[in-house]
Structures are given as structure tokens and as C-alpha cells.
Enquirer: 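Please see the structure below; I have some questions.
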Amino acid sequence: MNTAWLPIWILIPFIASNVVAESSSRPNIVVIMCDDLGYSDVGFSGAPDIRTPNLDSLAKAGTICTSGYVAHPFCGPSRMGMMSGRYPHAFGGQYNLPPTHIGMDDYNKLGIPREETMISTVLQNAGYTTGAIGKWHLGEEADYHPNNRGFDDFYGFLGGGHNYFPEQYSAAYDRQKRAGKVRINDYLLPLQHNGKRTAEDEYLTDALSKQAVRFINEASAKDKPFFMYLAYNAPHSPMEAKEEDLAANSHIKNQKRRVVAGMVTAVDRGVGLVTQTLKQQGKFDNTLVIFLSDNGGKSVFGSSNAPFRGVKGDTWEGGFRVPMFFHWPDKIPAQKFDYPVSALDFYPTFAALADAEIPNSKKLDGKNILADMSNGTNPRPNDVIFAMRHRAGYSDVSARRGDWKAVRYSNQPWRLFNITEDLGELNDLASSNPERLQELVAAAEKWSQTHAEPLFFDSPVARDKWHESDMPHFDKAFEIEVGAPPLRPVTHVTDSDVAEPVVNIPQKTEAGVKLKRGDSTLEHFIALEKAKWKKNGWNWNQEKVEATFQQIDADQDGIASGKEKKAYWAK
């Protein structure tokens, strides 16, 4: 059937109904994902200080998802959810895969189970040229390598992060290699192209953008559509920005915030190159571009999740509600879409657009949302969006349906919020709405019954705590208690452009050991954390902070060194 003459309002539902027959009519699909990007770290979702003209231009011409969610509040599980179309808890992917250099070899042999057919494989089988650029973090052994999970082309790194300047990470890698070190930090390893190591000479974000341009040019020469997954690791730590990008953000006084801005500036520059290349190849008008972050930002590094409470790792909105937009000229309307959209929806939506066959045995937790997005209707009026993050001995949980969200945080009683009116999750309505709370908690408990035991853990501490605490304790998690302590109003780095709270830095330990820049004694660390917790409106927990210090102090010398802090917070 020739659909060229159909008006847009008819064409969108037609495309979304999974009846696209001719390969020439199927769109190219580009997913651009940032790492630890805060909700207000880009202009189109509210950053008052970071300039992102290329992203903003696409967002303004497309649909901005003001309630865009991911499947988990930190890196690996979020990506596993998006690529598998399922909550990662269902197949044991609740934790990050551990860095290879810490020696958890059995876990490093794992990834998304082979039984979970990824969207890349579905699109590849449907005749798409497929490419993954940047961060993978979904498994490193052959069975889980991107080239064996549906991607024709892969350029990037397999672990959870990487340093940015090749002159630094290449030199460090070479030194450690010459010294005979067997386990070298993942962040220093050479990049690879289709399984072969490759040398890079550009700042990493720029290098990934260049490879995205290469892939588009090569794929455009073929007589079939393409799917590109461009996974920047910016602005994930280590916090490293180019001097010229820092200079471009000199209007930002807060030094941490300025580094975030510099890293995001490089991403925006790359998005501009991708857009330009799509236009040069005549592919722009028939390409669906989706932009998002894998989870919330880390305020300790200068990111902002305003106006939401919480940070990366939390089940508050700031942990897993992310900046997101869809852009497809003349197919996706220019609008702000306030209904909830999940990264879990990408899988069925892409499969429908590609006229692709999803295996009969494949379970999906999302839905094809394109028609609802086009029509401005709610794709999930009665469905619940969940989040769960396991901690030491308990789990943080949230469940949102429509305007209402239930949250259990830090093993405290359940809270209930009208999330459309109370973005900062400040006014607990649990006591006055017991039936609504009970419905959401019951839905979350039913969802938890689909979960599998974790296949892997991101650290020996997380593994040991899980078993020592006899997790997951769902019987306790879903007991309905109300009367949680009041919360303080949430603040953000963007509320006022000032430096972090000043804490006097000791020069020596009590034993007279001289401290280097960035080192902390326990007392100094507690003072720093107390200032941070107060700023973020968190209820102070000194026992938790002291436990964190002990985890950071890997050599147990009583000093949390700058190096140890960097390694810990990079997890």
C-alpha cells in the first residue's frame, strides 16, 4: 500500500500498528544516551546555566517527555532494561556488572542472559544495519559482546566507564602493562572496534561522535535502514572536560558544575555532528532520534536533577526520571508530553516501526507508545511504573500510577505523593489516602514476585551484604507502615551558583601523617558529608557515613585518599 499521500494524523497510527511493509518506508532509529546526566543538565529540560543548542533544537522540534523514566536508577541495569525491554530484576540484572580489575571473575563472564533477545537482534533480523558506539556495560565475554548481541558494528569500551584524555589513559595503561600488572583498571583499557583494540587520539566524547558519523556514512551507503545506539559516557566520572569547553562555560562559578557543563558541551557538539551528517546523507527526515540519560545525575559531582528530589541510585524522581525527547520530522509532533514514558517502551515501539518479528517467547514490560504520543493520549492510564534499588539489608521501592506515587526509602515507612503537583516529593499524603497507598504497594509487591535472584553483584561488599542480610526481605518491604519522618525541601546546585559548603581541610592526621590534596580523615569526611546532606535535605545518618568511609578506605590506613575516593565514587 502506498502511504505517501496520507496526512500525518492518519500515517502515525498506521505506522505504529506494526504494518509497515516496504523497507524503504521504515525509519532509521538513533538512540543517544548520556551517562549520569541530571534532569537539569541540558537546556530543554530546565538547565538555567548549561547551553545545549543542538539538543534543544531537536527537542523543540520534537516531543519532550517531561515524565521520561528508565528501568533502574543506575547504569548497567538501566541499559539492560532498555535493550531487553524488561525490568532487569526479572532476569537477575539488578546490579551493575563489576569492574574486571577487582577480580570477581565468575561475574565478569556474565551479562544479559542469552535467552533475552535484545532489540538490536530483532532489528538486525529485520534487515537493519546495526551499530553501537561508546559504553556497553552489558557483558564482556564472547556470548555477551555487542557483536554477538545484534550489533554489526561496535566501537567503544565494554566496562562501566572510561577516562577521557587518551594521552593520560594510554600512558597509564602502558605503564601498568610494562610493570606486569595483570588487573588493570577498566577506565584505562584501550578502546576496541569489533573486538580488536584500537588507538585513539581524541578526547573520548569527540572520538565517539566521530565514530557515530562514520557509522551513519557507512550505513547510509547500504540499501536498508539502520539502527545506531550512541552511548556517551559523559558526564559520568572521572570529571574531565576540555579546556576550551570549560572556557565556554566560564559564566558558571561553581567549579564542579562548570566541569559538568564542559562535558555536556562536548556531547551537544557531537549531537550537532550527528544531525549534520543525517542531513548530508538525506536521512534526517526519515530518522527517529531519541535522547535520554541512563539515570539521574550525581549532585556530588555538580549535576542537577531539579526540580526533583534524589540522585543517581535513588527511587526518588531524581534517581530514574531523566531528560528525554523523541524527534522525527513530520511524524512526531512538536510538544511537551507529560504522560509517563519508559525506556522499556523503546523495544516494542522500534519493533513496530521496523515491521520486525519479536520472538513468541519474548516477554516485554513496555508498550508501543507512538500512536499515543502522536495523539497526545496517555499510553498507560492504569499501568504502574516501578523502581527498586537494593541496599544493605533492605530495598528502596517506588510505584507510580497516573498522578500518584508511593515510595519506601531508607527502610522508613511508606510515603505517598501527588507527583504531578509535588515534584519535590515533600508532602506525604499516605495517612490521608490509605486506600490509594495500599493499591500502589500491592502492585509493587505483585511486581516483586516476578523478580529473580541477582546473577551478579557490582562488588564483594554488595555480594556479601546480600547474603549476610538474607535479602531481599520483600515480606518486610511491603508491610504498609505510614508516619515517615518529615522531609526537608530539596535544594540543587542550580538554585544558587555558589561553591560547595566550605569545611576546614586538615593538613595532618592526629598521628602526624601529612595529608595530600583530596585526602580526608574520618572526622573531615564526616564534616564534608554532613554539609552535603544538609544541603540536599537528607536526614543525617552518621553510622551510614562512617560505614561509607570504611568502604572507601580500601587499605584501612585511616585515610580516605583522593585516589580511593575517586575509585569508590566511580562505581
Enquirer: What's the shortest heavy-atom distance between Pro88 and Pro77, and which atoms?
Expert: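 Closest pair (atom of Pro88, atom of Pro77, distance): CG-O, 3.3 Å.
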
Enquirer: Going by the angle between their ring planes, with limits at 30° and 60°, are His451 and Phe474 parallel, tilted or perpendicular?
Expert: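 Aromatic pair His451/Phe474 classed perpendicular.
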
Enquirer: Determine yes or no for a side-chain-to-main-chain donor-acceptor pair under 3.5 angstrom, with Glu425 supplying the side chain and Glu317 the backbone.
Expert: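 Between the backbone of Glu317 and the side chain of Glu425 there is a qualifying donor-acceptor contact (under 3.5 Å).
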
Enquirer: Are Glu140 and Leu97 close enough, and set up right, to give a side-chain contact (heavy atoms from CB on, under 4.5 Å), and what steps lead you there?
Expert: CA-CA 10 Å; Glu140 302 188 18; Leu97 285 160; over 6 Å; no

Enquirer: Can you name the nearest heavy-atom pair linking Thr315 to Arg408, along with the distance?
Expert: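 Heavy atoms of Thr315 and Arg408 come nearest at OG1-O, 4.2 Å.
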
Enquirer: State, yes or no, whether a side-chain contact exists between Met471 and Pro454 at a heavy-atom distance under 4.5 Å.
Expert: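 Heavy-atom side-chain distance check fails, nothing below 4.5 Å.
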
Enquirer: Please confirm whether Lys405 makes a cation-pi placement over Phe417, using NZ or CZ under 6.0 Å from the six-membered ring centre and within 45° of the ring normal.
Expert: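 So Lys405 doesn't make the cation-pi contact.
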
Enquirer: Do you see a donor-acceptor pair shorter than 3.5 Å between the side chains of Ser120 and Tyr128?
Expert: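 Checked: Ser120/Tyr128 side chains show no N/O donor-acceptor pair below 3.5 Å.
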
Enquirer: Is His162 close to Leu191 at the side-chain level, that is, under 4.5 Å between some pair of heavy atoms?
Expert: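 Yes - at least one pair of side-chain heavy atoms lies under 4.5 Å apart.
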
Enquirer: Can you tell whether the side chains of Asp153 and Arg214 come within less than 4.0 Å, N to carboxylate O?
Expert: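 The answer is yes: the pair qualifies as a salt bridge.
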
Enquirer: Is it the case that the side chain of Asn368 and the backbone of Leu370 share a donor-acceptor pair, with hydrogens and angles ignored and the cut-off at 3.5 Å?
Expert: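 Yes; at least one donor-acceptor contact below 3.5 Å.
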
Enquirer: For Ser78 and His72, test the side chains for any donor-to-acceptor distance below 3.5 angstrom and give the result as yes or no.
Expert: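 No, His72 and Ser78 have no side-chain donor paired with an acceptor closer than 3.5 Å.
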
Enquirer: Is a side-chain donor-acceptor pair under 3.5 Å present for Asn54 with Asp268?
Expert: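 Yes.
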
Enquirer: Pair Tyr87, Thr450 - check side-chain contact (heavy atoms from CB on, under 4.5 Å), show working.
Expert: CA-CA 10 Å; Tyr87 283 106; Thr450 68; over 6 Å; no

Enquirer: Report yes if some heavy atom in the side chain of Asp41 is under 4.5 Å from a heavy atom in the side chain of Thr52; otherwise report no.
Expert: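 Asp41 vs Thr52: side chains apart.
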
Enquirer: Among Asp294, Asn295, Asn305, Asp36, which residue meets the side chain to side chain donor-acceptor pair (under 3.5 Å) test with Lys312?
Expert: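 It is Asp36; the other options fail the test.
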
Enquirer: Does a sphere of radius 6.0 Å around CD in Glu218 hold more than 12 heavy atoms from other residues, nucleotides or ligands, not counting ones at 6.0 Å or beyond?
Expert: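 Yes - once you tally the heavy atoms of other residues, nucleotides and ligands closer than 6.0 Å, there are more than 12.
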
Enquirer: With a 4.0 Å cut-off, would you call Arg183 and Asp105 a salt bridge?
Expert: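 Yes, charged N to carboxylate O under 4.0 Å.
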
Enquirer: Report yes if the side chains of Leu364 and Leu344 come closer than 4.5 Å at any heavy-atom pair, otherwise no.
Expert: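 Sidechains of Leu344 and Leu364: no contact.
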
Enquirer: Between the main-chain N or O of Arg86 and the side-chain N or O of Ser84, is there a donor-acceptor pair closer than 3.5 Å?
Expert: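 Confirmed, Ser84 side chain pairs with Arg86 backbone.
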
Enquirer: Restricting to non-hydrogen atoms, name the atom on Ser237 and the atom on Tyr187 that form the minimum distance, rounded to 0.1 Å.
Expert: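 Smallest heavy-atom distance, with atoms named: O-CE2, 3.6 Å.
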
Enquirer: Can you list the steps and then say if Ser67 with Asp338 is a side-chain hydrogen bond (donor to acceptor under 3.5 Å, both in side chains)?
Expert: CA-CA 6 Å; Ser67 291; Asp338 296 329; 6.0 Å; no

Enquirer: Side chains of Thr277 and Asn217, heavy atoms from C-beta outward: is any pair under 4.5 Å?
Expert: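 Touching, per the 4.5 Å side-chain cut-off.
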
Enquirer: Determine, step by step, whether Met388 and Gln94 satisfy the side-chain contact (heavy atoms from CB on, under 4.5 Å) criterion, reporting the C-alpha distance in whole Å, the side-chain angles of both residues, the deciding distance to 0.1 Å, and the verdict.
Expert: CA-CA 8 Å; Met388 178 181 288; Gln94 301 95 318; over 6 Å; no

Enquirer: Any heavy-atom pair between the side chains of Lys210 and Glu200 that's under 4.5 Å?
Expert: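 With C-beta onward as the side chain, the pair touches.
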
Enquirer: Heavy-atom count check: over 12 atoms from other residues, nucleotides or ligands less than 6.0 Å from Lys465 NZ?
Expert: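 At most 12 heavy atoms, drawn from other residues, nucleotides or ligands, come within 6.0 Å of this atom.
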
Enquirer: Show, in sequence, the C-alpha distance, side-chain angles and deciding distance for Tyr339 and Phe337, and conclude whether the ring-ring contact (aromatic ring centres under 6.0 Å, His included) test is met.
Expert: CA-CA 6 Å; Tyr339 297 116; Phe337 192 73; 5.5 Å; yes

Enquirer: Within the 4.5 Å heavy-atom criterion, are Asn233 and Phe157 side-chain neighbours or not?
Expert: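 With C-beta onward as the side chain, the pair touches.
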
Enquirer: How close do Tyr69 and Pro340 get, heavy atom to heavy atom, and via which atoms?
Expert: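 Result for this residue pair: CE1-CB, 4.3 Å.
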
Enquirer: Any sub-3.5 Å donor-acceptor pair from Lys135's side-chain atoms to Gly160's backbone N or O?
Expert: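 Yes.
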
Enquirer: Return the orientation label for the Trp466 and Phe457 ring planes: parallel under 30°, perpendicular over 60°, tilted otherwise.
Expert: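 Rings of Trp466 and Phe457: tilted, 30 to 60°.
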
Enquirer: Which is it for Thr66 and Tyr39 under the side-chain contact (heavy atoms from CB on, under 4.5 Å) test, yes or no, and what are the steps along the way?
Expert: CA-CA 10 Å; Thr66 61; Tyr39 193 88; 4.0 Å; yes

Enquirer: I'd like to know if the side chain of His101 reaches the main chain of Asp186, judged simply by a donor and an acceptor atom lying under 3.5 Å from each other, with no hydrogens or angles considered.
Expert: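 Judged by distance alone, yes, a pair lies under 3.5 Å.
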
Enquirer: Regarding Tyr347 and Asp365, do their side chains bring together a donor and an acceptor under 3.5 Å, going by distance alone?
Expert: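 No, no side-chain donor-acceptor contact under 3.5 Å.
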
Enquirer: How close do Pro379 and Ile369 get, heavy atom to heavy atom, and via which atoms?
Expert: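 For Pro379 and Ile369, the tightest heavy-atom pair comes out as CB-CG2, 3.8 Å.
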
Enquirer: For Val311, does its backbone N or O pair with a side-chain atom of Asp314 as donor and acceptor, under 3.5 Å?
Expert: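 Checked: pair present.
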
Enquirer: If you look at every heavy atom in Ser395 and His390, which pair is closest and at what distance?
Expert: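 Nearest heavy atoms, Ser395 then His390: OG-ND1, 2.7 Å.
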
Enquirer: Any donor-acceptor pair under 3.5 Å linking the side chain of Arg401 with the backbone of Asn382?
Expert: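 Answer holds: yes.
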
Enquirer: With distance as the sole test, does Arg400 use its side chain to make a donor-acceptor pair with the main-chain N or O of Ile419 at under 3.5 Å?
Expert: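 The answer is no, because no donor-acceptor pair under 3.5 Å joins these two groups.
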
Enquirer: Between the side chains of Asp206 and Arg269, is the shortest nitrogen-to-carboxylate-oxygen separation below 4.0 Å, so that they form an ion pair?
Expert: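 Asp206 and Arg269: salt-bridged.
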
Enquirer: Please verify the inter-ring angle class for Trp447 with Phe386; under 30° counts as parallel, over 60° as perpendicular, anything in between as tilted.
Expert: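 Rings of Trp447 and Phe386: parallel, as their planes differ by under 30°.
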
Enquirer: How many angstroms lie between atom OG1 of Thr349 and atom CZ of Phe346, to the nearest 0.5 angstrom?
Expert: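 The CZ atom of Phe346 is 8.5 Å from OG1 of Thr349, to the nearest 0.5 Å.
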
Enquirer: Taking the side chain as every heavy atom from C-beta outward, state whether Phe74 and Asn96 have any atom pair closer than 4.5 Å.
Expert: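 Yes. Closest side-chain heavy atoms under 4.5 Å.
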
Enquirer: Say you draw a straight line from CG of Leu440 to CH2 of Trp404; how long is it, rounded to the nearest 0.5 Å?
Expert: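 Result: 9.5 Å between the selected atoms.
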
Enquirer: Would you say the side-chain atoms of Asp458 pair up with the backbone N or O of Tyr95, donor to acceptor, closer than 3.5 Å?
Expert: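 No, because the side chain of Asp458 does not come within donor-acceptor range (under 3.5 Å) of the backbone of Tyr95.
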
Enquirer: CZ of Phe478 to NE2 of His473: how many Å apart, nearest 0.5 Å?
Expert: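 Atom-to-atom, Phe478:CZ and His473:NE2 are 13.0 Å apart.
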
Enquirer: If the threshold is 4.0 Å, N to carboxylate O, is there a salt bridge linking Glu116 and Lys362?
Expert: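 Here Glu116 pairs with Lys362 in a salt bridge, since their nearest N and O are under 4.0 Å apart.
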
Enquirer: Working to the nearest 0.5 Å, report the span between CG of Asp285 and NZ of Lys331.
Expert: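 Answer for the CG-NZ pair, Asp285 versus Lys331, is 7.5 Å.
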
Enquirer: When rounded to the nearest 0.5 angstrom, what is the spacing between SG in Cys65 and CE in Met373?
Expert: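 Here the rounded value is 4.0 Å.
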
Enquirer: What distance do Leu138 atom CG and Leu110 atom CG have between them, rounded to the nearest 0.5 Å?
Expert: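 Answer for the CG-CG pair, Leu138 versus Leu110, is 13.0 Å.
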
Enquirer: Is the count of non-hydrogen atoms from other residues, nucleotides or ligands lying under 6.0 Å from Glu445 atom CD greater than 12?
Expert: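 More than 12 heavy atoms, drawn from other residues, nucleotides or ligands, come within 6.0 Å of this atom.
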
Enquirer: Is it the case that Arg463 and Tyr107 place a side-chain donor and acceptor less than 3.5 Å from each other?
Expert: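 Arg463 vs Tyr107: no donor-acceptor pair found between side chains.
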
Enquirer: Applying side chain to side chain donor-acceptor pair (under 3.5 Å) between Thr130 and each of Thr121, Asn125, Asp152, Asn147, report the one that passes.
Expert: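 The residue from Thr121, Asn125, Asp152, Asn147 that satisfies side chain to side chain donor-acceptor pair (under 3.5 Å) with Thr130 turns out to be Asp152.
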
Enquirer: Hey, what's the ring geometry for Phe291 with Phe325, parallel, tilted or perpendicular (30° and 60° as the breaks)?
Expert: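 Correct class here is parallel.
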
Enquirer: Keeping the roles fixed (side chain from Glu141, backbone from Tyr144), state whether a donor-acceptor pair exists under 3.5 Å.
Expert: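 Absent.
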
